[in-house]
Amino acid sequence: MTDLKPLTVQPFIPANDDFMTRAALAALTPAELIRRTTALKPLLAAHAAECERVRHPLVETWNAIRATGCFYHFIPKKYGGLEFDADSFIDAMLPLSEGCPSTGWVAAFCVEHNWMLTQFPERFQDEIFGTRAGDRVPYVIAPGVTAPPGKAVPVDGGYRISGRWKWGTGVMHSDWVLVACAIVDGPANVVLFCALPTREVTVIDTWHIDGMEGTGSHDLLIDDIFVPDYRTMDMTEMRNGTAHGARLYDNPLYRQPMIPFLGVTAAISGVGAARAAVAQFRKQLAERVVHGTDMKQAEKPAAQMRLANANVMARTAELLLRDAVNTNIALARPEGRADFTQRSHMRLQIAQAMELCRQAIMMIAEASGASAHLRSNPMQRYLRDVNVMSNHIVYDKDGAAELHGRALIGLPPNALTF
């Protein structure tokens with residue numbers, strides 16, 4: 001592996017007083033959390049170009065996000081967490097993505113990955129969420145990587161795992177990592193999600209890409225590291241909403257199937273980018289003079305129509321996401337989960353939301369002139385970012401449409417669905 005270039009990860013491991021106390025968290029409301037993240041939008045926007053240049057969220061902006069308390073959003077009240085709902089999650093994350101889609105993408109994933117950790121065995125949750133000295137409540141920053149699956153060799157008390165995974169969003173500020181592994185000589189349909197400290201992982205400098213470069217989603221390399229049983233769980237159970245969280249907590253938030261929630265989490269950044277692009281286009285219309293005339297572009301009906309349509313498309317995408325995640329939670333019943341028709345509908349709905357964001361940004365970028373592609377103009381970044389994020393596997397619109405079409409005519413699924 002001499003071709004691999006290790007990358008130095010920015011250490012997370014905050015001091016004890018960087019975490020909030022139980023009393024401070026108990027006083028934090030959804031409205032206050034949303035106010036705090038909204039207040040950060042100008043800061044993230046001011047540093048978006050630098051975030052892209054260094055290829056990860058900046059320490060200054062990341063620490064400001066941490067200080068809002070948003071990483072406690074889905075940590076159960078049992079541990080002193082907020083246990084807020086899905087709508088306030090979207091409300092809190094959208095302003096971050098409007099300021100910087102890359103930073104917003106990483107933040108939303110890391111908030112959602114604390115929800116993933118609630119699906120692990122209770123012993124592990126006690127280890128990572130247990131109250132520290134001074135009544136401080138910790139949280140975790142961790143990437144969750146699944147492709148391609150690594151190998152887990154059963155040994156006494158756990159597994160020895162090895163592999164190299166792509167798309168390590170969040171690793172640049174992480175203290176833990178979550179990796180998917182197939183059990184060697186084990187059942188073919190069982191894939192484990194394994195948790196281990198970042199210090200046991202090599203981060204490979206691979207994130208050179210034409211959009212979303214500020215996410216720092218580098219490859220992860222693990223070579224024969226032991227993971228105890230209690231830091232693993234069956235990913236199929238998390239996909240189905242039947243993992244440990246479903247058994248430990250009454251809140252249906254912890255019984256929802258994982259993939260629709262994941263799809264909504266990732267699409268928040270698309271909506272944020274679309275909303276920011278609409279705001280940028282509206283500003284440009286008032287300033288840009290149509291070539292060869294003394295007319296402002298804002299006076300052109302075609303420009304007005306593009307602005308209006310893009311605005312409605314971004315709003316429609318947001319509504320689709322809200323409906324999908326709330327449906328996913330509402331259908332998380334102990335007596336039965338969503339059927340194939342309902343699950344495939346959610347999958348297509350989420351893919352359609354991202355497509356609307358992409359189309360909205362393309363529509364107004366086309367009407368923004370060549371200056372929209374100057375590095376100093378954020379429009380070009382929104383366009384590049386949305387093109388990359390829309391290629392996430394959960395936004396395969398053709399595959400999602402095929403599945404839902406099969407469901408509507410009574411055929412069984414021919415591929416993995418939600």
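- Of all the heavy atoms in N114 and V140, the pair that sits closest is ND2-O, 2.7 Å.
- Side-chain N or O atoms of N251 include one that pairs as donor or acceptor with a backbone N or O of L253 at under 3.5 Å.
- In summary, E127 and R231 engage in a salt bridge, as defined by a charged side-chain N under 4.0 Å from a carboxylate O.
- Between V179 and F193 there is no side-chain heavy-atom pair separated by less than 4.5 Å.
- Between I350 and L320, the closest side-chain pair of non-hydrogen atoms is not below 4.5 Å.
- Between R322 and E318, at least one side-chain N (NZ, or NE/NH1/NH2) sits under 4.0 Å from a carboxylate O, which counts as a salt bridge.
- H218 places no side-chain N or O within 3.5 Å of a backbone atom of V203 that could act as its donor or acceptor partner.
- The main-chain N or O of T118 is found under 3.5 Å from a side-chain atom of Q125 such that the two form a donor-acceptor pair.
- We find that K78 and E122 are joined by a salt bridge, their nearest charged nitrogen and carboxylate oxygen being less than 4.0 Å apart.
- No salt bridge links E83 with K77; every basic N to acidic carboxylate O contact stays at or beyond 4.0 Å.
- Here OG of S97 is found 7.0 Å from CE of M389. Values are rounded to the nearest 0.5 Å.
- S390 places a side-chain heavy atom less than 4.5 Å from the side chain of M354.
- Relative ring orientation between Y79 and F129 is described as tilted, the plane-to-plane angle lying within the 30° to 60° band.
- Ion pairing of R53 with E213 is absent here, as no side-chain N (NZ or NE/NH1/NH2) approaches a carboxylate O to less than 4.0 Å.
- Ring-plane geometry between F71 and W62 is classed as tilted, the angle between the planes lying from 30 to 60 degrees on a 0 to 90 degree scale.
- We find the CG-CZ distance between D91 and R35 to be 15.0 Å, quoted to the nearest 0.5 Å.
- Between V190 and T236, the closest side-chain pair of non-hydrogen atoms is not below 4.5 Å.
- Contact of the V191 side chain with the C181 side chain is not registered, since no non-hydrogen atoms from C-beta on lie closer than 4.5 Å.
- Taking all atoms of both residues into account, the shortest heavy-atom contact from F109 to A266 is CZ-CB, 3.7 Å.
- Shown here for T232 and C194, the closest heavy-atom pair between the two residues is CG2-SG, 4.0 Å.
- When only modelled atom types and interatomic distance are considered, N63 and R66 share a side-chain donor-acceptor pair under 3.5 Å.
- Using a 4.0 Å cut-off between charged nitrogen and carboxylate oxygen, D219 and R164 count as a salt-bridge pair.
- The 12-atom threshold is exceeded at CZ of R333, counting heavy atoms of other residues, nucleotides or ligands nearer than 6.0 Å.
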Run I161 and K151 through side-chain contact (heavy atoms from CB on, under 4.5 Å) and show every step you take.
CA-CA 5 Å; I161 68 172; K151 296 179 180 179; over 6 Å; no
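- With hydrogens and angles left out, the side-chain atoms of D175 and T198 include no donor and acceptor closer than 3.5 Å.
- Under 4.0 Å is where a charged nitrogen must lie from a carboxylate oxygen, and between R136 and D18 no such pair does.
- Judged purely by atom type and a 3.5 angstrom limit, D339 uses its side chain to pair as donor or acceptor with the backbone of Q342.
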Working note: I90 + V271, criterion side-chain contact (heavy atoms from CB on, under 4.5 Å); need CA distance, chi angles, decisive distance, verdict.
CA-CA 10 Å; I90 295 173; V271 175; over 6 Å; no
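- Going from atom CZ of R132 over to atom OG1 of T21 covers 14.5 Å, rounded to the nearest 0.5 Å.
- Taking a 6.0 Å sphere around NE2 of H244, one finds it holds more than 12 heavy atoms contributed by other residues, nucleotides or ligands.
- Looking at H404 and T341, their side chains come closer than 4.5 Å, going by heavy atoms from C-beta outward.
- Using a distance-only test at 3.5 Å, with no hydrogens or angles considered, a donor-acceptor pair links the side chain of T68 to the main chain of I65.
- Heavy-atom minimum distance, Q349 versus A324: NE2-N, 3.3 Å.
- For K397, the side chain to side chain contact (heavy atoms under 4.5 Å, CB included) partners two or more places apart in sequence, or in a different chain, are L348, A351, Q352, E355.
- Using cut-offs of 30° and 60° on the angle between ring planes, the pair F124 and F120 is perpendicular.
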Before giving the answer on side-chain hydrogen bond (donor to acceptor under 3.5 Å, both in side chains), spell out for S88 and H73 the whole-Å C-alpha distance, their side-chain angles and the decisive distance to 0.1 Å.
CA-CA 9 Å; S88 60; H73 198 108; 3.3 Å; yes
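- Taking the six-membered ring for Trp and the full ring otherwise, F84 and F74 have centroids separated by 6.0 Å or more.
- The environment of R199 atom CZ is sparse: at most 12 non-hydrogen atoms of other residues, nucleotides or ligands sit within 6.0 angstrom.
- Taking a cutoff of 4.0 Å between a charged side-chain nitrogen and a carboxylate oxygen, E52 and R384 qualify as a salt bridge.
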Please assess L192 against I183 for the test side-chain contact (heavy atoms from CB on, under 4.5 Å), listing each intermediate value before the final yes or no.
CA-CA 7 Å; L192 295 178; I183 303 173; 3.8 Å; yes
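- How far OG1 of T29 is from CG of L33: 8.0 Å, rounded to the nearest 0.5 Å.
- Although no hydrogens or angles enter the test, the distance criterion places a donor-acceptor pair under 3.5 Å between the side chain of T37 and the main chain of A92.
- The two residues W165 and T146 make their nearest non-hydrogen contact at CD1-C, 4.1 Å.
- Within the 4.5 Å cutoff, no side-chain heavy atoms of C100 are placed close to those of H47.
- Counted by atom type alone, S102 and T215 present zero donor-acceptor pairs between their side chains at under 3.5 Å.
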Would V325 and T327 count as a side-chain contact (heavy atoms from CB on, under 4.5 Å) if you check the C-alpha gap in whole Å, the side-chain angles of each, and the deciding distance to 0.1 Å?
CA-CA 5 Å; V325 72; T327 298; over 6 Å; no
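- The SG atom of C110 lies 15.5 Å from the CH2 atom of W115; values are rounded to the nearest 0.5 Å.
- In this structure, R406 contributes its side chain and P412 its backbone to a donor-acceptor pair below 3.5 Å.
- Note that the CD1 atom of I361 and the CG atom of L356 stand 11.5 Å from one another [nearest 0.5 Å].
- Residues A64 and L43 share a closest heavy-atom pair of CB-CD2, 3.9 Å.
- Pairs passing the salt bridge (Lys or Arg N to Asp or Glu O under 4.0 Å) check and including a residue from residues 254-272, sequence neighbours excluded, do not occur.
- Between Y139 and Y72, the ring-plane angle classifies as perpendicular under the 30° and 60° cut-offs.
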